[in-house]
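As structure tokens, the structure follows; a few thoughts come after it.
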Amino acid sequence: MSHVRLRFAPSPTGYLHIGGARTALFNWLLARKLGGTFILRIEDTDVARSTQESVDAILQGMEWLGLDWDEGPFYQSDNFPLYKEHVEKLLAEGKAYKCYCSAEELEAKREKALAEGRKPKYDGTCRSLTADIPGRPYVVRFKAPHEGVTAFHDLIKGPISFNNEELDDLIIQRTDGTPTYNFVVVVDDASMGITTVIRGDDHINNTPRQILLYEAMGCPVPQFAHVPMILGADKTRLSKRHGATSVMAYRDMGFLPEAMINYLVRLGWSHGDEEIFSKEELVEKFTIEAVGKSAGVFNPDKLLWLNAHYIKSGDPARLAGLLLPFLAERGVDPAVGGPELAAVVKTLQERAKTMLELADGAVFYYTPEPVFDEEAVAKHVKPETAGYLSRLADVLAAAADFRHDPIEGVFKEVCAELGIKMGQIGPAVRIALCGGTVSPSIYEVMEVLGKEETCRRLTRAVARFTV
RNA sequence: GGUCCCAUCGUCUAGCGGUUAGGACACCGGCCUUUCACGUCGGUAACAGGGGUUCAAGUCCCCUUGGGAUCACCA
């Protein structure tokens, strides 16, 4: 089995979006599964639209998702001499020619063709020119065959074929001497020894002309795998109007990279009835043949469910680390004081769907003087409540073992002693400790807060609840 | 419009000639519960339409319809 070489080749004209991330993931997975090489290449031949910020954003996205590459990043802008060389060679071999038609002329012809209901296609005016016209600007066109069929077997879509008469002589070098996309892709993929090209299926129509280019240059044609597009809820191509499309925006919204990976891979790929996959499992189970042929709708709800799953089952210490920046945004720094963050996380994991919710839920632990939810106070604090809390604080203060189960025991004892039910004191305790009526189990909260802090908050509340 | 691709619950999908068409998200109920959740049990819900091939079609073939992509000196 020969060594596979794959690549992800984004153009740096924006951030790493959902669709690009999935393409990168499929490339990465196949490379890792087959023990091949994964290459990152930045397609920046359009100097005007490419920016360093975009390059940085893409690399950041790749790193966040944990998609590491073995070679690169390579920049096409560094390879201009190589492309030039290949253009000259095709020219010398008569496989390409100089075209002196101006952009304006071409545009006029295109309009005319469209108006007459014909296919807008280069008419070959300069195809048979025998001599150069010195001093006039020109582009270089590839001399494509007019007859025959160009076919390939797509690893995802199956057999696909085009009649060559549909193809026209594409421009491979612009008037300013820079090469165009369809040409550089082929030169790069050939020179980098790419064996399998996995890319979006919006490139299917480019494939036949690229194959012709490979053949003209005498290079082996790689295998192609065109992955379906990702759609928005209205079944049109996913775009900003459907919400966030940048993967980093999802990090900022409190999503975990493993949830994003798991969601992305299941959008268009499946392995029986399984839903949850770790990266390691994916590397083992992924096959490009199992990728579906049809476009899929991006479903934020399912992503959210997966995120909740990974938060629920995640390692508290790791989550605590990831939580720090979100807490900082809320003015909380666990390093300054308060309970251990991992312990706090443990009490919140099963009720948070995002890191944002986790952070919101953690704030009260680090707020010595919680602001009481007045509505909750009005509803749950009765004239006798302060007395109950006072008694509870006293008994708790004497507890030898301040952990969940013993605390629960103390609670029951106090209730029995006072002749009340849990419902008559629970909500008030929750308000005293957390400020509101929504929180983890109060026994857990007490254990994490510790005896001293618990009693202090209880006593503080007694003062506030006494009228 | 030409060319190309696609088509199972609302969504992601399983299915690779014979199934009560399965799972997941979402949704709706029950249970659990001092809150919110989690968990758990159950429910609603699909083979786009029409022709073939076959003893038998969601599965194979053709047509129709619908959706998408692409037709640049962008990538």
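Just so we're on the same page: letters track the sequence lines, and every chain starts at 1. Here the structure is a predicted model, which means the values were calculated and not measured.
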Separation of B:C25 C1' from A:Glu274 CD (nearest whole Å)
17 Å
For A:Gln173, enumerate each residue passing the side chain to side chain donor-acceptor pair (under 3.5 Å) test, keeping only those at least two apart in sequence or located in another chain.
none
With a 4.5 Å limit on heavy-atom distance, are the side chains of A:Pro222 and A:Thr196 in contact?
no
With rounding to whole Å, what would you report as the distance between B:G49 and B:G58 at their P atoms?
11 Å
Take atom P in B:A48 and the same atom in B:U8, then report the distance between them in whole Å.
6 Å
Which part of the nucleic acid, if any, lies within reach of A:Cys415 when heavy atoms closer than 4.0 Å are counted: base, sugar-phosphate only, or nothing?
nothing
A:Arg141 CZ to B:A72 P, straight-line distance once rounded to whole Å:
10 Å
Distance between the C1' atoms of B:C28 and B:G67, in whole angstroms?
31 Å
Identify the nucleotide, in any strand shown, that forms a Watson-Crick or G-U wobble pair with B:G39, with both distances under 3.5 Å; if there is none, say none.
B:C31
Taking the same atom, P, in B:C4 and in B:C63, what whole-Å distance lies between them?
12 Å
For B:A48, the nucleotide meeting Watson-Crick or G-U wobble distances (both under 3.5 Å) is B:U64
Under the side chain to side chain donor-acceptor pair (under 3.5 Å) definition, can you give me all pairs with a residue in residues 132-145 of chain A, not counting sequence neighbours?
A:Lys98-A:Asp132
Looking across every strand, which nucleic acid part, if any, lies under 4.0 Å from A:Arg49 by heavy atom: base, sugar-phosphate, or nothing?
base
Could you state the OH-C1' distance from A:Tyr75 to B:A75, rounded to the nearest angstrom?
17 Å
Distance-only, no hydrogens or angles: does the A:Asn27 side chain make a donor-acceptor pair with backbone N or O of A:Thr23 under 3.5 Å?
yes
Please tabulate, for the side chains in residues 410-423 of chain A, all donor-acceptor contacts under 3.5 angstrom to protein atoms that are two or more places apart in sequence or on a different chain.
| residue | atom | partner | partner atom | Å |
| --- | --- | --- | --- | --- |
| A:Lys412 | NZ | A:Glu408 | OE2 | 3.0 |
| A:Glu417 | OE1 | A:Arg391 | NE | 3.4 |
| A:Glu417 | OE1 | A:Arg391 | NH2 | 3.3 |
| A:Glu417 | OE2 | A:Arg391 | NE | 2.6 |
| A:Glu417 | OE2 | A:Arg391 | NH2 | 3.4 |

Report the base-pairing partner of B:G10 (Watson-Crick or G-U wobble, both distances below 3.5 angstrom), or none.
B:C25
In the structure shown, which nucleotide is the Watson-Crick or G-U wobble counterpart of B:U3, with both distances under 3.5 Å?
B:A69
Polar atom pairs between nucleotides 3-13 of chain B and protein, under 3.5 Å, N or O only, would you list them?
| residue | atom | partner | partner atom | Å |
| --- | --- | --- | --- | --- |
| B:C5 | O2' | A:Lys157 | NZ | 2.8 |
| B:C6 | OP1 | A:Lys157 | O | 3.4 |
| B:U11 | OP1 | A:Lys235 | NZ | 3.0 |
| B:C12 | OP1 | A:Val297 | N | 3.0 |
| B:C12 | O2' | A:Arg266 | O | 2.8 |
| B:U13 | OP1 | A:Gly268 | N | 2.7 |
| B:U13 | O3' | A:Ser270 | OG | 3.1 |

With B for base contact, S for sugar-phosphate-only contact and - for none (protein heavy atoms under 4.0 Å), nucleotides 32-39 of chain B reads --BBBBSS
Should A:Glu43 and A:Gln76 count as side-chain neighbours, where that means a heavy-atom distance under 4.5 Å?
yes
Spacing of CD belonging to A:Glu350 relative to OG belonging to A:Ser441, to within rounding of 0.5 Å:
9.5 Å
Figure out the CG/C1' separation between A:Leu304 and B:C27, and round it to whole Å.
15 Å
With a 3.5 angstrom cut-off on both distances, give the Watson-Crick or G-U wobble partner of B:G58, or none if there isn't one.
none
Tell me what A:His203 touches on the nucleic acid: a base, only sugar-phosphate, or nothing, going by heavy atoms under 4.0 Å.
base
Figure out the CG/C1' separation between A:Asp301 and B:C25, and round it to whole Å.
7 Å
Considering only atom C1', compute the distance from B:U65 to B:G50 and round it to an integer number of Å.
10 Å
Hey, is the side chain of A:Thr236 poking within less than 4.0 Å of OP1 or OP2 on B:G67, counting only N and O atoms?
no
Send over the distance from A:Asp123 CG to B:A72 P, rounded to a whole Å.
14 Å
Test side chain to side chain contact (heavy atoms under 4.5 Å, CB included) applied to A:Glu374 - qualifying residues, sequence neighbours left out
A:Phe372, A:Val377, A:Arg464
Heavy atoms only, 4.0 Å cut-off, all strands: where does A:Asp168 land among base, sugar-phosphate and nothing?
nothing
Which whole-number value in Å describes the distance from A:Leu231 CG to B:G67 C1'?
8 Å
Could you measure between the two C1' atoms, the one in B:U44 and the one in B:C5, and give it in whole Å?
34 Å
Check whether more than 12 heavy atoms from other residues, nucleotides or ligands sit under 6.0 Å from atom CD of A:Gln52, and answer yes or no.
yes
Atom CD of residue position A:Glu289 - does it have more than 12 heavy atoms of other residues, nucleotides or ligands inside 6.0 Å?
yes
With rounding to whole Å, what would you report as the distance between B:C12 and B:U20 at their P atoms?
27 Å
For the ring pair (Phe, Tyr, Trp, His ring centres under 6.0 Å) test, which of A:Phe277, A:Phe255, A:Phe298 pairs with A:Tyr263?
A:Phe298
A:Asp273 CG - B:U19 P separation (whole Å):
19 Å
Quote, to the nearest angstrom, the P distance that separates B:C36 from B:G43.
26 Å
